[in-house]
Structure formats: C-alpha cells, structure tokens
Enquirer: 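Below are the structure tokens for one structure; questions will follow.
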Number of protein chains: 2
Amino acid sequence: MELRHLRYFTAVADQGSFSGAARRLHVAQSAISEQLANLEHEIGAALFERSARKTGLTPAGRAFLEEARRILASADHAIDVAQRVHRGEAGTIRIGFFTGSMGMDLPRLIRTFRRQYARVRLSLVEMTPKQQWTALLEGKIDVGFTRRLEPEFRSELRAITLHQDPIVAILPKNHPAAPGPVDLRDLADENFVLSSRDVSPAVFDKVIELCSEAGFSPRIASISSVWSSVALMVQAGEGISLLPLNEQQFRTRDLAFCPLKAKNAFVEFVMAWSPRRDNPLTRSFRQLALAHHRDVAVRG
Amino acid sequence: MELRHLRYFTAVADQGSFSGAARRLHVAQSAISEQLANLEHEIGAALFERSARKTGLTPAGRAFLEEARRILASADHAIDVAQRVHRGEAGTIRIGFFTGSMGMDLPRLIRTFRRQYARVRLSLVEMTPKQQWTALLEGKIDVGFTRRLEPEFRSELRAITLHQDPIVAILPKNHPAAPGPVDLRDLADENFVLSSRDVSPAVFDKVIELCSEAGFSPRIASISSVWSSVALMVQAGEGISLLPLNEQQFRTRDLAFCPLKAKNAFVEFVMAWSPRRDNPLTRSFRQLALAHHRDVAVRG
DNA sequence: AAAAACCGATAGGCTAAGCCTATGGAATTA
DNA sequence: TAATTCCATAGGCTTAGCCTATCGGTTTTT
C-alpha cells in the first residue's frame, strides 16, 4: 500500500465516482480503476459497491475511509513538523544534567523556556559530567550542563562558564576543624572519600590539585559515584570528603559543610554544546539560559 | 511522498546506516540513497547527518521519525480495520429511527447490543419512516425502524414486523367521546389534525382507511409533521387527531388518548433492511433486535 | 604505512509499475 | 432507439525505481 492508493481512494469516496476522481486528480479513469483494484486486492475486501451509474462505499470502505483521511492528514503534518523544526520553530531540545545542576536553578530555567517556546519540547537526561561530553559529540543531547571540559574535547565542543561552584569540606559534625573555614593542611592526615574521576574529572583533579598545593596527596579510603553514599561514608566515620557545594542535594544534620581557606577552591559549572551540530533552536535556548543565569547571579 | 519513503526512512533510522537498511529491506543501497534524497528534497530539510562511518538523525529527522512511525502504524491499522469490518467483527451500524421508535424500547436494544459487540459503533439517525426507505436503498443507513413498506419498496427491501401499534384518538380532555373506547362514527363531523403523508404513508393511509370504513372521509383542518404541533393544535381546539399510541412521547394533561373500537386500528412497527447490502454485522444486529423484541413482547 | 573494509553518492542500464488511449458491457437518459 | 455515462479491461509507452558498478572518503586492520 502506498499513499497514492489512499489519495485515489479518498478522492473517489469524496466524488462518489471513479471518473470524477480521475478528473479531479488529472489522471485517466483507468488509472483509478487499476490502483483501487490493487488496493482492494491487498486488503482482501471490496471498498466500493460498483453499480453502473452510482458508486458507494461498502461498510469496510467507510471504516477504511476514516483511517485513510487520518493518514493523509498525518502525512501532511509530518512534513510540516519537519520543516518547522528545520526552521527552528519547533522541536525537542535534549538537555544533559547531573545532580549538581539542580542546585543551579535549572528547574526555573526550564519553566521559563517552556513558557516562551510552547511548541518546543524539552527532554532532560541525567548523565555524569563526563558522559555529557561524549553525548554532545554523538548528538545524543543538544546542550549539557556539566563541568569544565577536558582538553581533548576543547576542539570539538564549546562551553561557557555559568558559575564558579565552591568546593567545601564535608566533615562529621564533631570534627575539630568544623565549622571552618578550613585550612586543607589540617586535613592532611585524614582518609578521603572522593567521587569517581569517571563521573567528573574536573572535580577529582581539582581536589588532587588543592591537596597538592597544601603539600600532601590525599589518602583515598574509598571512591564513590553518588552523593548519598559519600554522605553515608563520612557519617560512618570512613573518612572526610571534598565536594562542590551545589552537588549536595540536601543538608544532613550529622555533617558539617565547611568552606576552604584556599582562594582557588572552585570548580566551574558550564553549559556546553557542539558547534558542529548547532541549530537555531538550541542557539536560542542557550541565549535564554545565559540571560537567565545572569539574572540569577545578579539576584544572588 | 509515499509510504515507501517512510519505510526506508525508518529503516535507516533504526539501523543507523543506509547500507544496513538496504540489507534489511532487500534492496540495493543506492535505492535507499536515491529515495531518501528525494524525500529530503521534498521536505526541504536534511533528515540525516551523513558522516562517513556514522549516520544519525538531524533534529528535523528526529521529529519526522516520530510522525513516520505513527503513519506506518496507522497504515497497518487501517488495513486491519477494513478487514475486521469485512469479516463482521467491527464497524459501524447506522440505524434509522423516528419518534415512535423510542416508545418501542429502542434505547434498551442499543444498550444490549453495545454490551455484546463492544467493537461495533452504532450511529443513530433520526428520519421519518418514509425517508428511511430511500436511505436504505441508497445505503445511507443499514437498518431502519420504520413503518410498513409502501408496495414500490417491497421488491428491494425486506421488513419484519416487530409490533402492532394501536391507533388512538387524541381528543381534548372534555370531549364527549373521551375516554373511549371510541366509535369512529362519532367523530365523523370533527375536524382532523393529521400528520403528513410524507412522514408516514402507512399511518396516513390507515387513518383514511379507518374513517372510510366508518362511513366518512375526514375533514382535514391541518397537517403537521411533528407530534408537538399536533398536540398543540388539538389543545387549541383546532380539531382532533388519530395517531399511533407509541408516537406520543409524553402524555399531556389536557389531552385524552382514547382507544378505538375498530379491531383493525393498528399500524405496523417494522425493522427494514436492504438484502442487497446485507452483511454479517447487520445480520447479527437484526438477530439480536428480533430476540430482544420477543423478550419485550413476552414481558409486556 | 599500506591495505582492506565500509560508508554513502553517483552513473548508466534494465524492468516493471503506473499511466495513457481505446474499447466494451451495462444501465440510464433523451 | 440512440446517446450518454458509468467502470473494467486490453495494449502500448514512459518513467520511476531498482540493479550493478564505481568513486571518494574514512576507519580499521595488517
């Protein structure tokens, strides 16, 4: 079955006549006859009742007509949708985010965008900062809220810094250094519970860098990939941790979050995209995100 | 655009490769290339990003893919629906009825049928008994609840009598003949408000026949096509009326409905259909209607 | 570093699908 | 009865869609 069959079929149904439809479609009547015979043969049921002088639908034909109209309308719609997306008037923006993005008021940005671009769907995909880079390259997401890019991605991806996220020490409530500000040198002999480098090289490397500037290399007791298990470990006395402030989803009563004295204790929160896959729609999303974030930054 | 384009398109989208799709569809890779180039040209937007080694969708392509899948599914569905209707498993039964049919417990029949044939839609069309005959011939309805057929339709249509509907005299409350039983001869000098012969020849002719048997031909004061205006006329003292009992939708306080003494004061309530357009679905509907009516008759 | 493998685009030829004109049978209209 | 209108069918033509083969480009293998 092809759309041609449906076009012919609906034309005949509309006109109530094969030859009438042929005139309307600017083809010979025999073409209509042949195509509809094929269609009926494929379906295995008569769609028309042919009696000389008058042509009407069978019950099966009436049922098929409803569907045929719907399909033809959908076909037009499909082309229209593709064109609108091509022009940047509609579509889906796939957004990568990670736990820490939520602290940055991403939800409010989403709401703002939804209001302004009602025809645009937003699809949110949770990924680690590192996963987002490759996802951007592969075109699995259009924009990523992630950490500063590793050098190997700098040529292929663009990124703009939205925020400097302070790194804090996470200590048991009763730790002598709490509540800070903490000098990292005082923590040199602690065990560290860090988040995996696979999740966010930027954070991991920054932690190592800070420790090294403080004159030691951290003794790593355990590595974890999710915030909740880091919290659990620290509470359990397994060690202490250093993490960006915004990655903490909820403050736990039993933990202290202590600022560091080091002035470069920050990791960047960036919005990244692939210039090679740029398109009008994601461009306007980025623009709005930037404006939105400036707005938030000024308020805060 | 043809369905072929959509089949090729979704295959490529699924396989992530032109040649892969070609293998799956058992055609040459060049055929895929050509057809998709045509499709993209018609839409006016690229649907795929071709880079050697990897082929992915553009944003427009992703949007189009959703629609394409829907359309292909609809096409399968359309064929399926037509086949089911052809086999009598689904479809729409278009039923003609007139005011009097409601008195015959048509609503309950509808409900019963709906329960048993959930996939079948019933479409109810109000028409006069006479309109139903031609509608049956033209295939505008599948079954009609109507009055006895005029002779000219007897060869083309079948009808089965469900009920004999007594004709009653409709008199002002204080009329001397009320509440009956009435001998028609007592009404010979009255003015009559009758319903139009165009609405129901059976009723009109029966009324004339009854009067003629009573030895007079009725003086017709007014002819009306709807019950409510007949009631209005009689209440206003314009005349009296003779109508089938079941065509009265609601009893009005100011009117008397009086049985006649004549023993043939009946018109038939019939179910009619066109044997030429018969199909399994309407056949089973008729069967159920018959059983249902027997049931009602026994109870009453 | 060269070779092999794989990708999609393109060219040229072939075939069959779809269209055309012409005709025929059936029913309606003049 | 003749003329008209309907749809089906036959036969021929054109072209759309498919095939094979090849090319340039990239990745993978050797």
Side-chain angles (χ1 to χ4, degrees), chain A residues 1-43 45-58 60-61 65 134 137-139 152 155-156 274 276-277, chain B residues 1-43 45-58 60-61 65 134 137-139 152 155-156 274 276-277:
Chain A
M1 187 167 78
E2 293 295 338
L3 291 181
R4 180 187 48 263
H5 295 112
L6 304 185
R7 294 193 191 98
Y8 287 14
F9 172 76
T10 54
V12 173
D14 287 345
Q15 304 281 110
S17 135
F18 281 45
S19 22
R23 277 190 295 275
R24 200 177 86 180
L25 296 172
H26 306 294
V27 295
Q29 168 259 314
S30 62
I32 306 279
S33 271
E34 185 182 341
Q35 293 301 315
L36 287 187
N38 290 348
L39 179 60
E40 289 179 318
H41 186 257
E42 177 173 354
I43 293 178
L47 301 175
F48 291 107
E49 269 170 0
R50 288 101 155 146
S51 66
R53 211 78 200 165
K54 190 152 48 185
T55 301
L57 289 164
T58 61
L65 179 60
T134 51
L137 279 184
E138 290 168 0
E152 44 176 314
S155 61
E156 292 263 41
S274 159
R276 202 165 49 76
R277 296 178 190 275
Chain B
M1 187 167 77
E2 294 295 339
L3 290 181
R4 175 172 19 82
H5 294 112
L6 303 185
R7 294 192 191 99
Y8 286 13
F9 173 75
T10 55
V12 172
D14 286 345
Q15 304 277 338
S17 134
F18 280 47
S19 20
R23 278 190 296 274
R24 199 178 87 182
L25 297 172
H26 307 293
V27 295
Q29 168 258 312
S30 62
I32 307 279
S33 271
E34 185 181 341
Q35 293 302 316
L36 286 187
N38 290 348
L39 180 59
E40 289 179 318
H41 186 258
E42 176 172 355
I43 294 178
L47 300 175
F48 291 107
E49 269 171 0
R50 288 98 155 150
S51 66
R53 210 79 199 166
K54 190 152 45 185
T55 301
L57 290 164
T58 60
L65 179 61
T134 51
L137 279 184
E138 289 168 0
E152 45 177 313
S155 60
E156 292 263 40
S274 159
R276 203 164 51 75
R277 297 178 191 276

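None of the values given here were measured: they were computed from a predicted structure. All chains are named by letter (A, B, ...) in the order of the sequence lines, taking the proteins before the strands, and each is independently numbered beginning at 1.
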Enquirer: CZ of A:R50 to OG1 of A:T58: how many Å apart, nearest 0.5 Å?
Expert: 9.0 Å
Enquirer: Would you mind reading off the distance between B:E49 atom CD and C:dC7 atom P, rounded to a whole angstrom?
Expert: 18 Å
Enquirer: Is B:Q15 close to B:T55 at the side-chain level, that is, under 4.5 Å between some pair of heavy atoms?
Expert: no
Enquirer: Think B:R50 has a side-chain N or O under 4.0 angstrom from the OP1 or OP2 of C:dA9?
Expert: yes
Enquirer: Between B:E156 (side chain) and B:S274 (backbone), is there a donor-acceptor pair under 3.5 Å?
Expert: no
Enquirer: What string of B, S and - do you get for nucleotides 9-23 of chain D, 5' to 3', if B is base contact, S is sugar-phosphate-only contact and - is no contact with any protein heavy atom under 4.0 Å?
Expert: B-------SBBB---
Enquirer: Atom CG of A:L39 to atom C1' of C:dA17: distance rounded to whole Å?
Expert: 16 Å
Enquirer: Round to the nearest Å and state the distance from B:E40 atom CD to C:dA9 atom P.
Expert: 8 Å
Enquirer: Check the angle between the aromatic planes of A:F48 and A:F9 and answer parallel, tilted or perpendicular using the 30° and 60° thresholds.
Expert: tilted
Enquirer: Starting at NE2 of A:H41 and ending at C1' of D:dA8, how long is that distance when rounded to a whole Å?
Expert: 16 Å
Enquirer: Backbone N or O of B:Y8 within a donor-acceptor pair of the B:Q35 side chain at under 3.5 Å?
Expert: no
Enquirer: What is the distance, rounded to the nearest whole Å, between atom CZ of B:F48 and atom C1' of C:dG8?
Expert: 12 Å
Enquirer: Look at the side chain of A:E49 and the backbone N and O of A:G56, then say whether any donor-acceptor pair between them is shorter than 3.5 Å.
Expert: no
